[in-house]
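Right, one structure below, let's go through it.
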Amino acid sequence: SAEQQLNNIKITITAGPTREAIDPVRYISNHSSGKMGFALAQAAAAMGAQVTLISGPVQLATPAGVTRIDVTTAEQMLEAALAQATQNDIFIGCAAVADYRVAQVASEKMKKTASDSIELKLVKNPDIIAAVAALTVQRPFTVGFAAETQNVVQYAKDKLTRKKLDLICANDVSGTELGFNSDHNAVTLVWQHGEQALPAQPKADLAKAIMQHIYAQFSAN
Ligand code: C5P
């Protein structure tokens, strides 16, 4: 049945932010709630898939039937993602991975100094989804997300090509109603030879629609 159309399909999903330590009590992160990734995990599991959810620090319950791996940093998320990816049919990168981490994490709490400014040196984090998409053996069908405030579809197409993704879910985050932390969202799915707009709706409904389109493209591949 349509309800169980993902039977025997293995899917890994990354969700939430990553958190990059500055010292034992401070960190750099972002406002990702993890809601979209968790909604996708829930929808995929309800459709019969075997779902592994790799999550950064979020305040969300694990959807029923989903295997959850908790991570903190981008480097930990990369390690977990690569370990899962080759055992899966579909990989969905929904996490808001920190682009940079602190070059040298202080082992003790940093003290306030007399100086009015201090500098933190940041180094680039690995691109997790690009690493998965670059796999040459056992490469899963790879789906990314793109949050943009302008030229949404064009930037998403560029990202699709640059990261060698099979499909990308483009998200317009210029409004405050949708996207980050919201319970509603709208996306445009973009692939090499087509696109499909999905209108604003509750994230749970959108997640089902996205999973159905991902499966259709995965099957067509
Ligand atoms: O380049 P940008 O961050 O906009 O790309 C977003 C997509 O790439 C998302 O699918 C996100 O999960 C993924 N990503 C990643 N690792 C990074 C940065 C982004 O997997 N370091």
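Ligands are counted one by one from 1 in listed order, and the atoms in each one are counted from 1 as well.
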Practice prompt. Return the residue, atom name and 0.1 Å-rounded distance of the protein heavy atom closest to atom 4 (O) of ligand 1.
Written response: K159 NZ, 2.4 Å

Worksheet item: At a 4.0 Å threshold, what atoms of ligand 1 neighbour a non-hydrogen atom of G144?
Response: 10 (O)

Worksheet item: Quick one: are E20 and Y100 in side-chain contact, heavy atoms under 4.5 Å?
Response: no

Worksheet item: Does D127 come within less than 4.0 Å of ligand 1, judged by its heavy atoms?
Response: yes

Worksheet item: For atom 9 (C) of ligand 1, which protein heavy atom lies nearest, and how many Å away is it?
Response: F145 O, 3.1 Å

Worksheet item: Taking N or O atoms only and a 3.5 Å limit, does I128 qualify as a polar contact for ligand 1?
Response: yes

Practice prompt. For A95, take its heavy atoms, then give the atoms of ligand 1 lying under 4.0 Å from any of them.
Written response: 11 (C), 12 (O)

Item to complete: With heavy atoms under 4.0 Å as the rule, classify the contact between A147 and ligand 1 as side chain, backbone, both or neither.
Response: neither

Worksheet item: Are side-chain heavy atoms of L60 and S55 found at a separation under 4.5 Å?
Response: no

Worksheet item: Where do T72 and T18 land on the side-chain contact (heavy atoms from CB on, under 4.5 Å) test, with the steps shown first?
Response: CA-CA 6 Å; T72 305; T18 66; over 6 Å; no

Practice prompt. Note the single closest protein heavy atom to atom 18 (C) of ligand 1, along with its residue, its atom name and the distance in Å.
Written response: V97 CB, 3.8 Å

Practice prompt. Go through the steps to decide whether D166 and R139 satisfy the test side-chain contact (heavy atoms from CB on, under 4.5 Å), and finish with yes or no.
Written response: CA-CA 11 Å; D166 298 300; R139 178 189 180 280; 2.9 Å; yes

Worksheet item: Considering C94, P126, A74, which one's heavy-atom position lies nearest to atom 21 (N) of ligand 1?
Response: P126

Worksheet item: Which residue holds the protein heavy atom closest to atom 13 (C) of ligand 1, what is that atom called, and what is the gap in Å?
Response: I129 CG2, 3.7 Å

Worksheet, complete the sentence: Nearest heavy-atom approach of A83 to T86 is O-OG1, 4.2 Å

Response to the item:
atom 19 (C) of ligand 1 has as its nearest protein heavy atom K163 NZ, 3.7 Å

